[in-house]
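First the structure, in the form of structure tokens, and then the observations on it.
These figures come from a predicted structure and were not determined experimentally.
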Amino acid sequence: MDKKELDSKVEEIAKALLSYCTARTSNHFEAEDLAHDIILEIYKSANNIRNVDAVYGFMWAVAGNVYKQWCKNKAKDSRLELTDNFPDVIDQLAEDDSALYLLRRELTLLSDKYRKAVILYYIDNKSCSEISTHLSISESMVKYLLFKSRQILKEGMSMERNYGRQSYNPKELSLLFWGNGSNRYYHLCDSKISQNILFACYNDKLSAEQISMEIGVALPYMEDKLAELCEYELLKKDGNRYYTNIVIFTRDFANEVNIKTTELRARIADMLIASIAEHEAEVRNIGFFGADMGNNAFSWQMVSFILYRAVIEILQNKIQVVYPKDKYGTECFIWGAEHGDKNSWESKFGFGISNVVNSIGDYVQFMDFPINGEMVHHYCFNRQNVTNVFLDVAKGNTEHFSDNDKALAADMIRKGYIISNDSGLFVNAPVLTREQHDALKNIFAETAAGIANEAETLKETVTGILKNHIPAHLKKLAKDMAYLRLFEDAISAPVAILYDRKYLLPYNGDGILPTTYVILK
């Protein structure tokens, strides 16, 4: 490449090069000096350019190498010697913003055992003997930690470290649970730090220091989160590197599924509308309590019933989902879902599926969309005393109520779960006997089986997509995890379609609860 052509190429990147240097230095003068050094090295090394098409890559490689050397020289020029007079070193650096920044940066990346020793010795002026007592370790170990810390800090200050994308564009994650027993994991992702740790380690095994740089959080603030995620085995460790141990339904994965399953979702919605219209009179003639409910509540109830029957009962039995066991021996799935514009886990069509049972086998069934602003099952689930009162009211068996039972009933009246009138107390939900429930299953048997088949096709499609979006050590879970994704694709999505078509209307608190019903033994 001749000089004229090289001059032209350098001129083209000059502005971007100055921006690169400005972002990595403490003032404009340093940025200009660094840019000058980079350009000078480009001209000195120009003879090494073998391919004109690779000239830009070559120039940026030179920029990176010059900057690395600049960092090393900068640390050396600051006359930083991490000796026992550490407070004096801080004072020396007070007028050198760049070196002080590097020191502070490296302190935030020191692991707990080193950081505690450094702070106690250099900042709190504790002796090695006092530190030994405080940390319950030997004096020789204290001296080793201090020696090693100085090495780590000096080495780190000469390194170029770039914060990762999640440091300025953090991820948001919901942690989801499906299985037997109670959800002991629900609190683990209350913190954005925990959410972003799981994302950072999803496709790559990272050390604690690398995670810190990726998510832009100093190590002292995330060590407890790392330990907690490891304790529950959402995160695992290989040597000194961490990796995520649960499947995450990422936004990219969800978007691809949305595109490739649009027609299948709409077909399920169409099947629901046609079947409910065809069988409405037959269903109401069963004569269960609440059979005279309004049209909107009827549509919600039948949609919920059919989808539960098709996806949760028929399809699950057919494909024989294998639940893994967690460290506590509970058969369950724990997974994450990244928040996104088209992700309905956090929308009004996210939902909870559960049922609560009393001692004789009566139960309340929830396909619980928060269309009234609050999920009913959050109130009842795992509160046996509430369940018992609710089911006793459903059976008209209230004579034995204690003062506590009456207080619970009063609370449910205020929340709209129970109705009180001159005739007594009634649950604000359909109530079916076992025989009536079986009759309802028979009426919609063909529809439920058809939707189960569509959902199975959905599952096969999602399995193929998911395998391309999860790390290798989790691919064995793809098939069963694709079943869990059906809560979104075969239940939430068709409901959202019906809502958009105004077949299903919002619940404003009037009339019967739209997605909760009782089956009496």
Side-chain heavy-atom pair Ser492, Phe487 within 4.5 angstrom cut-off: no
Minimum heavy-atom distance His469-Glu256, with the two atoms named: NE2-OE1, 2.8 Å
Heavy atoms from other residues, nucleotides or ligands near CG of Asp403 exceed 12 (cutoff 6.0 Å): no
Within 6.0 Å of NZ in Lys44, more than 12 heavy atoms from elsewhere: no
Candidate pair Leu175 and Phe177, rule side chain to side chain contact (heavy atoms under 4.5 Å, CB included), full reasoning: CA-CA 7 Å; Leu175 192 63; Phe177 174 90; over 6 Å; no
Donor-acceptor contact present, side-chain Asp37 to main-chain Leu34, <3.5 Å: no
Worked check of side chain to side chain contact (heavy atoms under 4.5 Å, CB included) between Tyr43 and Val10: CA-CA 9 Å; Tyr43 279 103; Val10 170; 4.0 Å; yes
Exam field: side chain Glu331 to backbone Asn180, donor-acceptor pair closer than 3.5 Å: no
Backbone of Cys128 reached by a side-chain donor or acceptor of Ser132 within 3.5 Å: no
Check: Lys192 side chain, Glu172 main-chain N or O, donor-acceptor pair, under 3.5 Å: no
Main-chain N/O of Ala208 paired with Ser212 side-chain donor or acceptor, under 3.5 Å: no
Between OG1 on residue Thr250 and CZ on residue Phe199, distance to nearest 0.5 Å: 7.5 Å
Interatomic distance, Asn240 atom CG to Ser207 atom OG [nearest 0.5 angstrom]: 6.0 Å
Contact summary for Gln384 and Asn358, nearest pair of heavy atoms: NE2-CA, 3.7 Å
Beyond-backbone contact of Lys9 with Ile13, side-chain heavy atoms, under 4.5 angstrom: no
Considering all heavy atoms, the nearest Val357-Asn355 contact: CG2-OD1, 3.9 Å
Per-pair distances, 0.1 Å, donor-acceptor, side chain in residues 223-235, under 3.5 Å, sequence neighbours excluded:
unit_1: Glu223; atom_1: OE1; unit_2: Arg115; atom_2: NH2; d: 2.6
unit_1: Glu223; atom_1: OE2; unit_2: Asp112; atom_2: N; d: 2.8

Distance in Å, Leu466 CG paired with Thr461 OG1, rounded so as to fall on 0.5 Å steps: 12.5 Å
Minimal non-hydrogen separation, Ile193 against Tyr221, with atom names: CD1-O, 3.7 Å
Test log, rule side-chain hydrogen bond (donor to acceptor under 3.5 Å, both in side chains), inputs Ser140 and Ser138: CA-CA 5 Å; Ser140 61; Ser138 66; 3.1 Å; yes
Candidate pair Phe366 and Leu513, rule side chain to side chain contact (heavy atoms under 4.5 Å, CB included), full reasoning: CA-CA 11 Å; Phe366 307 104; Leu513 291 171; over 6 Å; no
Polar side-chain atom of Asp204 near backbone of Leu206 as donor-acceptor pair, under 3.5 Å: no
Over 12 foreign heavy atoms within 6.0 Å of CZ, Arg184: yes
Minimum heavy-atom distance between Ala117 and Leu146, given as atom pair plus value: O-CD2, 3.5 Å
Check: Leu145 and Ile137 side chains under 4.5 Å, non-hydrogen atoms: yes
Contact summary for Glu338 and Arg251, nearest pair of heavy atoms: OE1-N, 2.7 Å
Atom pair CD1/CG of Ile42 and Leu6 - distance to nearest 0.5 Å: 7.5 Å
Min side-chain heavy-atom separation Ile38-Trp70 under 4.5 Å: no
Rounded distance [0.5 Å steps], CG in Leu135 versus NZ in Lys126: 11.0 Å
From CD1 (Ile246) to CG (Leu176), nearest 0.5 Å: 9.0 Å
All N/O donor-acceptor pairs, side-chain side in residues 476-484, below 3.5 Å, sequence neighbours left out:
unit_1: Lys476; atom_1: NZ; unit_2: His473; atom_2: O; d: 2.8
unit_1: Tyr483; atom_1: OH; unit_2: Val311; atom_2: O; d: 3.2
unit_1: Tyr483; atom_1: OH; unit_2: Gln316; atom_2: OE1; d: 3.4

Flag if over 12 foreign heavy atoms under 6.0 Å of NZ, Lys475: yes
Min side-chain heavy-atom separation Ile491-Leu486 under 4.5 Å: no
Close side-chain approach of Glu130 and Asp124, heavy atoms under 4.5 Å: no
Backbone of Asn196 reached by a side-chain donor or acceptor of Gln166 within 3.5 Å: yes
Beyond-backbone contact of Tyr363 with Thr387, side-chain heavy atoms, under 4.5 angstrom: no
Validation row: Glu488, Val257 side chains within 4.5 angstrom (heavy atoms): no
Crowding at CZ, Phe147 (>12 non-hydrogen neighbours, <6.0 Å): no
Expected output: side-chain Ser45 to main-chain Glu41 donor-acceptor under 3.5 Å: yes
Test side chain to side chain contact (heavy atoms under 4.5 Å, CB included) applied to Lys116 and His134, step by step: CA-CA 10 Å; Lys116 285 180 178 177; His134 185 83; over 6 Å; no
